[in-house]
Amino acid sequence: MANEKFLDAITSRDVDFAQWYTDVVRKAKLCEYTSIKGCMVYMPAGYAIWENIQKNLDARFKATGVKNVYMPMLIPESLLNKEKDHVNGFAPEVAWVTMGGANPLEEKLCIRPTSETLFCEHFAKNLNSYRDLPMVYNQWCSVLRWEKTTRPFLRSKEFLWQEGHTIHETSEEAKDRTKMMLDIYHDFVENDLAIPVIWGQKTESEKFAGAEATYTIEALMHDGKALQSATSHYFGDGFSKAFDVKFIDKNNKYVNPFQTSWGLSTRIIGAIIMVHGDDDGLVLPPHIAPIKSMIIPIGHNKPEILEVANKIYDELKKQGMVVDIDLSDKTPGYKFSNQEVQGIPTRIEIGPRDLENGVVTIVRRDNREKISISLEDVTTKLPEILKQMQKDMYQKAKEHLESHIYEAHNMDELINTFNEKSGFVKAMWCGDEACEDEIKAKTGGATSRCIPFNEEGISEKCVCCGKDAKHLVYFGKAY
RNA sequence: CGAGAAGUAGCACAGCUUGGUAGUGCACCACGCUUGGGACGUGGGGGUCGCAGGUUCGAAUCCUGUCUUCUCGACCA
C-alpha cells in the first residue's frame, strides 16, 4: 500500500497520544529543538500561527483601550523580591545573569519569568493623580522559566506570550477589567481557534502567585486532559502597596490603585494541535490558519491545467485570501498528504477530470469532504466552505468537551470516574485545600481546574470530607 | 528533580555482545520517465558515530563522566 509509509510516520492518536503530539509537531514543521534544553526554534509554519494569534488578539485588546509597551528583559534581584508571595512563586524557576562581560555584577539580574515587578516600578514612577488612571498596558514578549520537564509549545523554558498589566482607581473597575479580558480570551479561543472551554475562578491553591483572584479558561484536549488556555488576574492593591504605587485621589489623599494582569502564551498552539489534530497530522481552524488553501494541479505538465491553477491562485490572492500553489513534480498523493499534515484547511484539486467538467475539487481538511465547484464559483464558494468548516470544527470539539464532563457525588464516584474515564469531573467542594490535596493523591493527579461562573449545586456536601459544600468545582488532569 | 529508554548522514535505524577505520531505507542533487492518495530507473553528494576523558598499537564498539531528547512521576503557563 502506498499509504503505509505515511501512516507509519505519525503515531496513531489512540495508540500513544504523547508520541502522536510530538510526531505532528515535527511533521508539520512547527518547531525544532535546539542545543539548549527546552528552547526551540519556531519555524515559519509555527510562527505564522502565532503571528495570526497576535494580530487577532491585539486588535481585540486595542478596541478596549489597551496600549502596547515593552519592558526590559532583566529584573534586578531587589525589585523581584519586593512582593513576597510573588517571589516565592517564581523563585524556583528563574534564571540569573551574574556577569557583565568579564566582571561579576554587584547585583544579579533575573531574566523575566513575568513582568509584574517591572510594570509596578514603571507605574510607581508615572502615577501621580487619579486623573492618570487607568493605565492599561500590554506587552508582547518572551519570558524564561527554568522548567525541568519540557515539551514543544506546552512547556518550554523560553516561550512567547502577551502579558497585560493595568492599574485602576477603584477595585470595581479593576475587577471589571479582569473579567473583560477573560471574556476576550473566551471569545477569541472559541470563535477563532474553534476551541470550546469551561471558565471560572481558580481555587486558592491554583491561583497566580500574588493575586487576589485568578480566572481561567480551560480547554479539553482530545486525550481528555485539560489545558489552561489563558488566565486573567485581579491583584487588589497588594502589588501596588508592596511597590509603593500610589496616587492622590479626589480628596487629596494618597491611595494605592487596584491592579490586574492577564496573559495568553504560545502554549495555546499546543491546544490547537491537541484539540483539532488527527492521525494525518495538524488540522488548523480556518480563522487562524496562515494559509487557507493549497492549490494542487494534477498532471502539471499539461499547460491548460497550469493555466487554470494559476488563474485561480491569482483571483484568490486578489480578493485577499492567502493561498499557496504546489508546483512541485511530486505525485498527487504526496501533495495531498503534505497539505494534510500541515493542517492547511482546504485544498483545491485541479486535474484533467475536473477540467473536462469545468470544475475544481475542493477538499476539506477536517472531514475530507470533496466538493465540486464550477470554475467561476471558486472565489465565492471557498470563503463559504471555510466558514462552515470553522463552525463544524467548533461543534465537533464542543461535542467532545460535553461528552467528557462527568459528575461525582462522593469520593468513590470521583475516583472511579478518573480511573475509568478522562475529562472533567464536576463535584462539590468545601473550600479546604486539604480536600484538594486528598483528591489529587487519590485520583492519580486530578486538580481543581476552576469554579465555574454558572455554579449549579449538585449536592450539599463536599465530595471529599462530607462537610458543607461551598463550591462546584471542575476537576481534571491537566497539562 | 526522581525512575526508565535512547543519542550513528536531514529523518528512521542497523552495526556494539566478540575493538581493526561506517552501512541500509527514506529525504536531497542530476538525468530520464511519470502524475486523481506518499511512483520508478540510473548516477551522485553528504557522517570528527552527542560531547569530554580513560583503556588499547588501534574505539561507533569497552570503562567513567557529562549533555540532550522521549516516557512516567513531583513542580509549573
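The sequence lines fix the lettering, A, B, ..., with proteins before strands; numbering per chain opens at 1.
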Side chains of A/Asp392 and A/Asn367: any donor to acceptor distance under 3.5 Å?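 Looking only at side-chain atoms, A/Asp392 and A/Asn367 do not form any donor-acceptor pair under 3.5 Å.
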Show me, pair by pair, the donor-acceptor contacts under 3.5 angstrom made by side chains of residues 141-152 of chain A, not counting sequence neighbours?
from: A/Ser142; atom 1: OG; to: A/Glu158; atom 2: OE2; distance (Å): 2.7
from: A/Arg145; atom 1: NE; to: A/Pro113; atom 2: O; distance (Å): 2.8
from: A/Arg145; atom 1: NH2; to: A/Pro113; atom 2: O; distance (Å): 2.7

Check nucleotides 71-73 of chain B against the protein and report each pair of N or O atoms closer than 3.5 Å, with its distance, or say if there are none.
from: B/U71; atom 1: OP1; to: A/Arg151; atom 2: NH2; distance (Å): 3.4
from: B/G73; atom 1: O6; to: A/Thr149; atom 2: OG1; distance (Å): 3.0

Counting any heavy atom closer than 4.0 Å, what does A/Lys202 reach on the DNA or RNA strands: base, sugar-phosphate only, or nothing?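 Answer is nothing: A/Lys202 stays at 4.0 Å or more from every strand.
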Roughly how many Å apart are B/G44 and B/G25, using the P atom of each and rounding to a whole number?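 About 13 Å, rounded to a whole number of Å.
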Test of understanding: with side chain to side chain donor-acceptor pair (under 3.5 Å), list the residues that count as partners of A/Ser205, not counting sequence neighbours.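 A/Ser205 satisfies side chain to side chain donor-acceptor pair (under 3.5 Å) with A/Thr203, A/Glu436 only.
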Restricting to side chain to side chain donor-acceptor pair (under 3.5 Å), what partner residues turn up for A/Asn191, sequence neighbours left out?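 In terms of side chain to side chain donor-acceptor pair (under 3.5 Å), with neighbours along the sequence ignored, A/Asn191 is linked to A/Asp187.
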Given [N], is OP1 or OP2 found less than 4.0 Å from the side-chain N or O atoms of [X]?
X        : N     : result
A/Lys330 : B/C28 : yes
A/Thr331 : B/A39 : yes
A/Lys440 : B/C75 : yes

Would you be so kind as to tabulate the donor-acceptor pairs closer than 3.5 Å made by side chains of residues 41-52 of chain A, with sequence neighbours excluded?
from: A/Tyr42; atom 1: OH; to: A/Thr266; atom 2: OG1; distance (Å): 3.1
from: A/Asn52; atom 1: ND2; to: A/Ile288; atom 2: O; distance (Å): 3.0

Those residues that, when tested against A/Asp354, pass salt bridge (charged side-chain N to carboxylate O under 4.0 Å, His left out) (two or more places apart):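 If we apply the salt bridge (charged side-chain N to carboxylate O under 4.0 Å, His left out) test to A/Asp354, skipping adjacent residues, there are no hits.
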